[in-house]
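Notes follow once the structure below has been shown.
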Amino acid sequence: MRPQVIFLGAPGSGKGTQASRLVEGLGYSHISTGDLLRKEMAKKSALGNRVSTIINEGKLVDDQTVLDLLKANCDLVKNQYIFDGFPRNEEQAKMLDGQILGNHKSKVFYFDIDLGDLAERLINRRTCKDCGQIYNMLSRPPKSAGVCDVCGGKNLIQRRDDDAATVKNRLKVFEDTIGPMLSYYKKKGNLVTLDATKDVEQLYGALKNNL
Ligand code: AMP
């Protein structure tokens, strides 16, 4: 039985792309708290309306709200997950272990990359609204402009929080919170650090070898 997987890494470090590969290749289920929150915003639910300003400013939503949303959307008896975007701080790491993972085996992958390289990556990121495929207009653009290589959809969108000012806040929040999380998992002994500057295939190989 493969472990439950936790992805840690700055916004734009390649977690979403690798999650898609693991879903395709090994049958994992991808659960992204950012996606769950954006869905609530799109539905204009009470929760979505409450968190939209926080998200659009690049700040963190409170721990309990995100934990409850995560709990309501995962079933560890049936699925093996990639947790992407949760935890975001040490408190959430403890919540994930104590209230969701319990006795399930887990492996944590840290996508290590210089934060200085990421702002440009994020500002140039586009996502297919139909299938979620991620592109970078500089390094990995779609083969045909504006059209998704995977599903042919014509809705390649920029996330609202991928604008320059919000990106700066999100990277700062990451920088302030990553240290204690890494220490927590280092102590626990289930942390693998990946060189996130490697290309998609190399990174996927390293991930699979460590599962
Ligand atoms: P992401 O798609 O993971 O970059 O998340 C987008 C935004 O959603 C973040 O900038 C936060 O505002 C919010 N968010 C996502 N996951 C969490 C979390 N675990 N805790 C708090 N806020 C979160």
Side-chain angles (χ1 to χ4, degrees), residues 6-20 30-74 81-93 95-96 100 110-111 113-142 146 148 153-181 196:
I6 299 164
F7 277 0
L8 295 182
S13 59
K15 304 187 298 293
T17 301
Q18 290 302 323
S20 304
H30 178 208
I31 189 155
S32 149
T33 46
D35 286 348
L36 293 175
L37 290 163
R38 279 185 289 278
K39 266 188 209 150
E40 293 296 319
M41 279 161 54
K43 278 196 289 190
K44 299 201 187 309
S45 68
L47 192 158
N49 291 339
R50 183 157 59 79
V51 299
S52 68
T53 311
I54 302 171
I55 292 178
N56 290 331
E57 287 175 351
K59 296 179 186 156
L60 290 183
V61 175
D62 71 279
D63 297 341
Q64 194 62 48
T65 298
V66 189
L67 178 75
D68 290 346
L69 190 61
L70 188 59
K71 271 188 183 166
N73 283 281
C74 69
Y81 287 100
I82 305 155
F83 292 92
D84 172 5
F86 196 102
R88 281 297 226 279
N89 55 39
E90 189 183 359
E91 190 50 38
Q92 290 187 5
M95 286 171 152
L96 182 59
I100 294 184
Y110 171 49
F111 288 62
I113 189 164
D114 192 318
L115 297 190
D117 299 338
L118 288 180
E120 194 169 88
R121 257 205 208 188
L122 284 164
I123 293 162
N124 287 292
R125 177 164 73 175
R126 299 291 182 276
T127 309
C128 173
K129 200 172 175 203
D130 302 325
C131 77
Q133 179 67 27
I134 298 161
Y135 296 92
N136 184 290
M137 299 316 280
L138 298 179
S139 58
R140 239 158 57 90
C148 177
K154 291 191 175 124
N155 287 305
L156 301 187
I157 54 164
Q158 180 176 36
R159 271 172 50 172
R160 188 161 166 200
D161 60 351
D162 277 346
D163 70 286
T166 313
V167 159
K168 201 168 155 215
N169 284 344
R170 289 163 63 210
L171 290 173
K172 172 84 175 74
V173 168
F174 174 80
E175 204 175 8
D176 291 345
T177 50
I178 186 65
M181 273 194 290

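Only this structure's heavy atoms are used, side chains among them; waters, hydrogens and symmetry mates stay out.
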Can any side-chain N or O of [X] pair as donor or acceptor with the backbone N or O of [Y] at less than 3.5 Å?
{"X": "R88", "Y": "G85", "result": "yes"}
{"X": "S20", "Y": "G16", "result": "yes"}
{"X": "Q158", "Y": "I123", "result": "yes"}

Identify whether the distance between the nearest side-chain nitrogen and carboxylate oxygen of D117 and R121 falls below 4.0 Å. no
Hey, is K43 close enough to E40 for a salt bridge, meaning N to O under 4.0 Å? yes
Identify the two heavy atoms, one from G9 and one from F174, that lie closest to each other, and give their separation to 0.1 Å. C-CE1, 3.3 Å
Apply side-chain contact (heavy atoms from CB on, under 4.5 Å) to R170 and list each qualifying residue two or more places apart in sequence or on a separate chain. P11, L122, R125, R159, D161, D162, T166, V167
Take I100 and C74 through the test side-chain contact (heavy atoms from CB on, under 4.5 Å) and record every step on the way to the result. CA-CA 9 Å; I100 294 184; C74 69; 4.1 Å; yes
Are F83 and F7 near enough that their ring centres are under 6.0 Å apart? no
side-chain contact (heavy atoms from CB on, under 4.5 Å) between L67 and F86, worked out: CA-CA 8 Å; L67 178 75; F86 196 102; 3.9 Å; yes
Measuring from atom CG of L36 to atom NZ of K39, what distance do you get when rounded to the nearest 0.5 angstrom? 6.0 Å
Flag yes if more than 12 heavy atoms outside E120 fall under 6.0 Å of its CD atom; otherwise flag no. no
Of all residues at least two apart in sequence or in a different chain, which pass the side-chain hydrogen bond (donor to acceptor under 3.5 Å, both in side chains) check with Y81? N79
side-chain contact (heavy atoms from CB on, under 4.5 Å) assessment of K59 paired with N169: CA-CA 7 Å; K59 296 179 186 156; N169 284 344; 5.7 Å; no
